[in-house]
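Take a look at the structure set out below.
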Amino acid sequence: MSNRNAPIGIFDSGYGGLTILKEIMKELPQYDYIYLGDNARAPYGNRSFDIVYEFTLQAVRYLFDQGCRLVILACNTASAKALRTIQQHDLPMIAPDRRVLGVIRPTVERLGDISNNGRIGIFGTPGTIMSHSYEMEIAKLFPDFVTTGVGCPMWVPLVENNEADRPGADYFVKQEIDRLLDRDPEIDTIVLACTHYPHLYKKIRQYTPEHIRIVCQGEIVAESLHDYLRRHPEIESVCAKNGARTYLTTENPEKFAEMASLFLGEKVVAHRVEL
Ligand code: DGL
């Protein structure tokens, strides 16, 4: 009989994946989760493919060693740059019975229901935007859509340094919104294609014209995970269901715990790990 002790792993370069975890815990509170933030090496957004792949694979292996059978890359940069190689090259060799999922495909699948005119704006890290992953996925599912991506190199550092709600962030937020809307004034839907960006949501909303919808990925990824678990009883049946949460970071655990407690609205204790 298979054991039923597997936590679900949630990985991000830093604090961004908390915006996904929060919605996943709302949708599926019964499961055990291990959150791993590689804060010591964040941001990933300006790093090369090889490095993002190497760091992400280390994190995935670490979470597998903790007993995870399913890991969500709650990070667009890692999903864009590392997911496919891990799924196609590494998993068959290192863990054929384990699964790693990303956040790009489930987000794109929903755009048909959200946009009225098919003009989509993407905010992401420079790495996600330069990978063209969103354009390619959108073109596959919605060939008539027009996608415009803008990389926001300063947004993740603002979040990682706890500056998201401070006045200095306004300049950088407004600058990228103006850049996107100059490039396509017809956009009716903007995807926050970086899991850190919901931490800046208030400011992004403030500087974005009211008629434009702003899509955060948390709920979408949570619903898609729910659906995945329904369709994959071989994974679901080994997931632990004690409602336990474990928070791991590669940087200062006190700082992580403070930020995560504030954001999640519950007391978080974090532990430092090395990958
Ligand atoms: N939160 C991440 C993303 O969704 C990564 C940000 C970074 O480390 O640059 O892309």
Side-chain angles (χ1 to χ4, degrees), residues 9-24 35-60 63 71-84 86 100-108 121-137 149-164 169 172-173 176 190-201 204 214-222 224-225 247-251 255-256 259-260 263-264 275:
I10 312 282
F11 169 68
D12 181 51
S13 61
Y15 297 118
L18 293 171
T19 64
I20 302 286
L21 176 68
K22 188 175 186 175
E23 298 302 327
I24 288 180
Y35 183 91
L36 172 58
D38 190 8
N39 300 77
R41 301 189 293 194
Y44 281 11
N46 296 312
R47 294 186 185 273
S48 67
F49 265 83
D50 289 353
I51 293 292
V52 172
Y53 162 64
E54 186 187 317
F55 289 177
T56 305
L57 183 59
Q58 285 170 359
V60 166
L63 289 166
V71 172
I72 313 292
L73 301 184
C75 175
N76 290 268
T77 310
S79 299
K81 293 187 165 194
L83 178 65
R84 181 165 303 184
I86 290 176
V100 180
L101 306 175
V103 290
I104 296 178
R105 178 78 188 199
T107 305
V108 169
I122 308 286
F123 283 133
T125 65
T128 297
I129 297 303
M130 280 178 329
S131 75
H132 299 291
S133 300
Y134 273 90
E135 276 100 320
M136 290 187 296
E137 283 300 326
V150 163
C152 311
M154 290 304 291
W155 288 14
V156 170
L158 286 169
V159 173
E160 285 291 311
N161 291 293
N162 211 0
E163 292 286 334
F172 293 104
V173 166
E176 305 304 5
I190 290 178
V191 181
L192 301 188
C194 170
T195 57
H196 280 68
Y197 296 173
H199 290 287
L200 285 161
Y201 181 82
I204 298 171
I214 298 176
V215 178
C216 296
Q217 298 174 294
E219 265 180 52
I220 294 175
V221 174
S224 141
L225 173 60
Y247 296 91
L248 307 175
T249 173
T250 54
E251 244 293 341
K255 191 174 156 215
F256 183 95
M259 177 92 173
F263 181 70
L264 297 175
L275 298 182

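As the structure lists them, so they are numbered: ligands from 1, and atoms in each ligand from 1.
Taking distance alone, with nitrogen or oxygen atoms compared against 3.5 Å, G45 approaches ligand 1 more closely than that limit. For ligand 1, the polar-atom distance check against S13 finds a nitrogen or oxygen pair separated by under 3.5 Å.
Considering only non-hydrogen protein atoms, atom 7 (C) of ligand 1 sits nearest to Y44 N, 3.2 Å. In this structure, the protein non-hydrogen atom closest to atom 3 (C) of ligand 1 is N76 N, 3.2 Å. If you check which protein heavy atom lies closest to atom 1 (N) of ligand 1, you get H196 ND1, 2.6 Å.
Contact atoms of ligand 1 toward P43: 7 (C), 8 (O), 9 (O) (distance under 4.0 Å to a heavy atom of the residue). Taking every heavy atom of T77 and a limit of under 4.0 angstrom, the matching atoms of ligand 1 come to 3 (C), 5 (C), 10 (O).
Residue-ligand proximity: G14 is placed with every non-hydrogen atom at 4.0 Å or more from ligand 1.
Only side-chain heavy atoms of V156 come within less than 4.0 Å of ligand 1; its backbone N, CA, C and O stay farther off. Neither the backbone nor the side chain of V103 has any atom closer than 4.0 Å to an atom of ligand 1 (non-hydrogen atoms only). Only the side chain of T125 comes within 4.0 Å of ligand 1, judged by heavy-atom distances.
A donor-acceptor pair is defined here as one N or O able to donate and one able to accept, closer than 3.5 Å; such a pair exists between the side chain of R47 and the backbone of R41. The main-chain N or O of A74 is found under 3.5 Å from a side-chain atom of T195 such that the two form a donor-acceptor pair. Looking at S79, its side chain does come within 3.5 Å of a backbone N or O of V103 through a donor-acceptor pair.
Y247 places a side-chain heavy atom less than 4.5 Å from the side chain of L264. Looking only at side-chain heavy atoms (C-beta outward), T249 and Y15 stay at 4.5 Å or farther from each other.
Defined by atom type and a distance below 3.5 Å, a donor-acceptor pair is present between the side-chain atoms of Q217 and N76.
Exactly one residue among Y197, F172, Y201 makes a ring-ring contact (aromatic ring centres under 6.0 Å, His included) with W155. That residue is Y197.
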Residues F256, L18; criterion side chain to side chain contact (heavy atoms under 4.5 Å, CB included); working and verdict
CA-CA 11 Å; F256 183 95; L18 293 171; 4.3 Å; yes

